[in-house]
Amino acid sequence: MEVAISRARRAEASPASDEPTAQQLVEIYRLMFLSRAVDDREILLKRQQKIYFQISGAGHEALQVGAALALRPGYDWFFPYYRDRALCLALGVTPYDMMLQAVGAADDPASGGRQMPTHWSSRPLHIVNGSSSTATQLLHAVGCAEAGRYFSRHPEAAVKDPGDYREFHDVTFHGDELALACVGEGSTSQGEFWEAMNTASNQKLPVIFCVEDNGYAISVPVEVNTPGGNISRLVANFPNFHFEEIDGNDPVASLHAFQRAAAHCRAGRGPALVHGHTVRLYSHSLSDDDKNYRSAAEREADALCDPIARMRTRLIADGILAAAEIDELERSLDHEAAGAAERALESPPPTVESITEHVYSEDLDPTRAAFATEQPEHAEEESGQKPVAHTMADLINTCLRDEMRRDERIVIYGEDVADASRKEALNEVKGKGGVFKLTAGLQTEFGAERVFNSPLAEANIVGRAVGYALRGMKPVVEIQFFDYIWPAMHQIHNELALVRWRSNGTWSAPAVIRVPIGGYLTGGSIYHSQSGESIFTHIPGLRVVFPSNALDANGLLRTAIRCDDPVLFLEHKRLYRETYGRAAYPGPEFAIPFGKAKIVRPGSHLTLVTYGALVPRALQAAHQAEKLHGIDVEILDLRTLSPYDWEAIATSVRKTNRVIVAHEDMLSWGYGAEIAARIADELFDDLDAPVRRVGSMDTFVAYQPKLEDAILPQPETILKAIVDLKRY
Ligand SMILES: Cc1ncc(C[n+]2csc(CCOP(=O)(O)OP(=O)(O)O)c2C)c(N)n1
Ligand SMILES: [Mg+2]
């Protein structure tokens, strides 16, 4: 990609009170006008149907150029939104780069033709690839700032390790870098805005929030989104912030505001919020017509505030440039935009074959043999101790502890995961360590910088994890109950799992989300017992793991942590402390590759494909089937649901010619539907009977145990399905 660091960047080094020189003012004008010229050229191309979408930054140029010139590309971190064309140009993205995205070229450096125009991205400039989802990027900026602070306090964590994801994540940090996060005023209504403000404030993070207030969110005016119509008034009481409310049509006011904000952040005093009042001179996008909802008088009033017209008048009035010189400059910038468009239109589109690239890491395959250290060490046995049968809860905790000792890039946070946020209490209390105690003792051993409580906000947990992971860290976060994962769904689906593909492999967020899931709790009720794994296996880019016993949980969690993809690690609450599936401590290097099912019971008459809490229930059913009916059932424990072990399923079905797919989740549209469909499709000739499924009733899990028992599949349910299918 082409990188052109602006000449006006010298302004960034000037003290806040300095007035820009004449030369800097001309450069500011050049950048502002270039942004408008690229917008106008794109609009022409859209009308000629040569590109497919256009959204402009017209009216926002002054605010954005001021911001860019106060900050340091390739040093600070940038989380722009779609209107930030002038910001990105001023940081060093070229008009040609922008046009490549508009035409959807293979060489589009931001996304390789995958994202709409204006979804900026540049690794060398530290412009992090963003989505179209409004306000999600604010939490990424927070996580990014936390990671920067972490590395400056733990520089040894930046060291690469060829044995895991770290090999593919270069770390850079300076100690005083900051993150800029931009957002429209309408999008400050999103919970993620408030969740980001919360953590930035509480942790005094070096994040500048830039609210670009053009008074509208598509057709919705500011007073509908913001009570009282002014976001500055609403946020004024957040502690540790430096606030600026400015005329965003004045680039010099913007430059000075961002210089002051940056000084506050770099000094470690906390975050800043710059609220710039701008105008939206064009409609929201070319798919919108603002004449449908704005009065003519209002539009005309905005037009009079056009920051480019104002700056032009100023340059002439101050005797910096003559009108003819400005005309000449503008002509050359129009020419530059047109030339960039012409070149981009000749650039070929991506190949169809490239579509599946970068869904997952191309560098580190978690199904590979290197993760197959399936021979447990039995370290306790070797040391002469009698091996202890540890629970799944114990061996998950042990894995977290071992990995944290090995890899300083791991941080653990979530609701209640710390031993005690008020550290002084630790002298007299045992510590909480998670509502299921899975993280017990970790804060005590590794300190509150590595193990800490988050606010009670699930999007905050996952959104920050994206930011951490983008910087090369390994957040291993906890969502307290699967039933409460939904506020984080937007971050999981549209950000965590997607950032690698949408940036054509430039950015990735290989975080681990641990989630207690499932029922059979006797009283767990609706909001502590649900399943729903198939909703997540339906997300490309995400790995989904669901162990059924202590040893698998230990080995699979290790792979999840060391691998280079985001992983949803589902832990069945009922299995945490069951007698079934306990195991000796397998040592600190024990790992199990993803996508390898385990035959937990060999058999010849019928295959039962299952996972999670249905594994022990299927074993009971198989035992009864053998004893009472002479049916020999083969049970496959899938262990990972995405990827899953098709070869193991196919081999078993080819042997037994009968198959049941059983899971705890609801039958309809459940995980088994996909597996059953694929078996019917690809193994039809091997089947002596239809593919059967077992699942829960198509309802939620009730509180009353009698109802819960009826709703969830029991060993008897599975036994009945086995007997029925064998008779078929
Ligand atoms: C989460 C989410 N909801 C809805 C949309 C659709 N949408 C795109 S832009 C927009 C308005 C944003 O307004 P504002 O934040 O004021 O930014 P502006 O476009 O005015 O600069 C909406 C509703 C979206 N992209 N993301
Ligand atoms: Mg707006």
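As the structure is a prediction and not an experimental result, all values here were calculated from the model. Both ligands and their constituent atoms are indexed starting at 1 by order of listing. Basis for what follows: all heavy atoms, side chains included, without hydrogens, waters or symmetry-related copies. Numbering starts at 1 and runs along the sequence shown.
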Colleague: Please report the shortest heavy-atom distance between Asn198 and Pro455, naming the atom on each side.
Modeller: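 Scanning both residues completely, I find the closest heavy atoms to be ND2-CB, 3.9 Å.
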Colleague: Within less than 2.8 Å of the Mg ion (ligand 2), any N, O or S from Glu185?
Modeller: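 It does; at least one qualifying atom falls short of 2.8 Å.
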Colleague: Mind checking whether Tyr216 has an N or O less than 3.5 Å away from an N or O of ligand 1?
Modeller: yes
Colleague: Numbering the atoms of ligand 1 from 1, which are under 4.0 Å from a heavy atom of Arg83?
Modeller: 18 (P), 19 (O), 21 (O)
Colleague: Quick check: are there more than 12 heavy atoms from other residues, nucleotides or ligands sitting under 6.0 Å from CH2 of Trp486?
Modeller: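 More than 12 within 6.0 Å, yes.
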Colleague: I want to know if ligand 1 touches Ile218 in the polar sense, i.e. an N/O pair below 3.5 angstrom.
Modeller: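 No: no nitrogen or oxygen of Ile218 is under 3.5 Å from one in ligand 1.
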Colleague: How many angstroms lie between CZ in Phe238 and CZ in Phe243, if you round to the nearest 0.5 Å?
Modeller: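 Going from CZ on Phe238 over to CZ on Phe243, the span is 7.5 Å.
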Colleague: Would you mind listing which atoms of ligand 1 come within a distance below 4.0 Å of any non-hydrogen atom of Gly184?
Modeller: 14 (P), 15 (O), 16 (O), 17 (O)
Colleague: Spell out, as yes or no, whether a donor-acceptor pair under 3.5 Å connects the side chain of Asp97 to the backbone of Val93.
Modeller: no
Colleague: Backbone or side chain, does Tyr216 get an N/O/S atom under 2.8 Å to the Mg ion (ligand 2)?
Modeller: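 Yes, since at least one N, O or S atom of Tyr216 sits under 2.8 Å from the Mg ion (ligand 2).
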Colleague: Can you pull out the closest protein heavy atom to atom 16 (O) of ligand 1? Residue, atom name and distance to 0.1 Å, please.
Modeller: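 Looking at atom 16 (O) of ligand 1, the protein heavy atom closest to it is Gly186 N, 2.9 Å.
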Colleague: Hey, is Asp247 close enough to Arg310 for a salt bridge, meaning N to O under 4.0 Å?
Modeller: yes
Colleague: Less than 4.5 Å apart, side chain to side chain, heavy atoms only: is that true for Glu42 and Met99?
Modeller: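 Sidechains of Met99 and Glu42: in contact.
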Colleague: Asn214 heavy atoms, cut-off 4.0 Å: which ligand 1 atoms fall inside?
Modeller: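 Per the distance check, 18 (P), 20 (O), 21 (O).
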Colleague: Assess whether a salt bridge exists between Arg500 and Asp564, defined as any Lys/Arg side-chain N lying under 4.0 Å from an Asp/Glu carboxylate O.
Modeller: yes
Colleague: Should you measure from each heavy atom of Ser132, which atoms of ligand 1 turn up under 4.0 Å away?
Modeller: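 Near Ser132, meaning under 4.0 Å from one of its heavy atoms, ligand 1 has 24 (C), 25 (N), 26 (N).
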Colleague: Keeping Tyr216 on the side-chain end and Gly186 on the backbone end, is there a donor-acceptor pair under 3.5 Å?
Modeller: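 Looks like no, no N/O pair under 3.5 Å.
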Colleague: For Glu330, is there an ion pair with Arg312 - N to carboxylate O distance below 4.0 angstrom?
Modeller: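 Between Glu330 and Arg312 there is a salt bridge, with a charged N closer than 4.0 Å to a carboxylate O.
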Colleague: Does atom 6 (C) of ligand 1 have any protein heavy atom closer than 4.0 Å?
Modeller: no
Colleague: Could you tell me whether Ser187 and ligand 1 have an N or O pair separated by under 3.5 Å?
Modeller: yes
Colleague: Does Glu185 reach ligand 1, in the sense of a heavy atom lying below 4.0 Å from it?
Modeller: yes
Colleague: At what distance is the nearest protein heavy atom to atom 9 (S) of ligand 1, and which residue and atom is it?
Modeller: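 Checked against all protein heavy atoms, atom 9 (S) of ligand 1 sits closest to Tyr82 OH, 3.0 Å.
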Colleague: Do the side-chain N and O atoms of Asp288 and Ser285 include a donor-acceptor pair separated by under 3.5 angstrom?
Modeller: no
Colleague: How does Gln190 reach ligand 1, by side chain, by backbone, by both or by neither, if only non-hydrogen atoms under 4.0 Å count?
Modeller: side chain
Colleague: Is the closest N or O pair between His490 and ligand 1 shorter than 3.5 Å?
Modeller: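 Checking ligand 1 against His490, no N or O pair falls under 3.5 Å apart.
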Colleague: If you count the atoms of ligand 1 from 1 in the order shown, which ones are under 4.0 Å from a heavy atom of Ser133?
Modeller: 26 (N)
Colleague: Is Glu212 touching ligand 1 with its side chain, its backbone, both, or neither, if touching means heavy atoms under 4.0 Å apart?
Modeller: neither
Colleague: So does Phe209 get a backbone contact from the side chain of His275, meaning a donor-acceptor N/O pair under 3.5 Å?
Modeller: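 Checking the backbone N and O of Phe209 against the side chain of His275, no donor-acceptor pair under 3.5 Å is found.
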Colleague: Please confirm whether Tyr81 comes within less than 3.5 Å of ligand 1 when only nitrogen or oxygen atoms on both sides are compared.
Modeller: yes
Colleague: Salt-bridged, Arg314 to Asp250, with N to O below 4.0 Å?
Modeller: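 The answer is yes: the pair qualifies as a salt bridge.
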Colleague: Can you tell me the protein heavy atom closest to atom 26 (N) of ligand 1 and the distance?
Modeller: Thr134 N, 3.2 Å
